[in-house]
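Okay, structure first, notes after.
Whatever order the structure lists ligands and atoms in, that order sets their numbers, starting from 1.
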Amino acid sequence: MTIKIASLVKFYTILLLMEKPKHGYEIMKELEEKIGKNISTSQVYPFLDILQKETFIKIDKTGARDKIVYSITPKGEEFAKKILSRSGDLFYLAIKPQVSVCTHCGCKVIEGGYKEKRGKKELMFCCHHCARSFRKIKH
Ligand SMILES: [Zn+2]
């Protein structure tokens, strides 16, 4: 096992390909929806190359315009299942760098959240209700 899945983008890329074969731009779009922020091609395509080299995925061309479609191979599926069976820990590890804590209630914000500028500082909240409560108390 030479591939390290140390980011949420990589984790989701594999999961998305388990659903069905996808175009590169589909993967990008769905990643952005899932992760809630802009994804750059440099986060996705080099990883797809690696997956392809390991024969975890393969490339097919479809349609009149020879669009490239990525699909997962049986070997890739096995790899994905291994990841999923360990996904409790792994998922947490994968998302850890992106976990922030709500300034008001202290809950962990994994996706989305609500940011508010206060002077030069940007404060993170889980939602705008928390931000409002935070404002009401003394701040
Ligand atoms: Zn909160």
Would you check if the side chain of Lys58 reaches a backbone N or O of Thr73 as a donor-acceptor pair within less than 3.5 Å?
no

Please report the interatomic distance NZ(Lys10) to CD(Gln43), rounded to the nearest 0.5 Å.
10.0 Å

Using modelled atom types only, decide if a donor and an acceptor are shared between the side chain of Lys75 and the backbone of Glu54 within a distance under 3.5 Å.
yes

Taking 2.8 Å as the distance threshold, tell me the number of protein N/O/S atoms next to the Zn ion (ligand 1).
4

Interatomic distance, CE@Met28 vs CG@Asn38, rounded to 0.5 Å, equals 8.5 Å

If you count every heavy atom of other residues, nucleotides or ligands that lies below 6.0 Å from Glu78 atom CD, does the total exceed 12?
no

The side-chain hydrogen bond (donor to acceptor under 3.5 Å, both in side chains) partners of Glu116 (sequence neighbours excluded) come to Tyr114, Arg118, Arg135

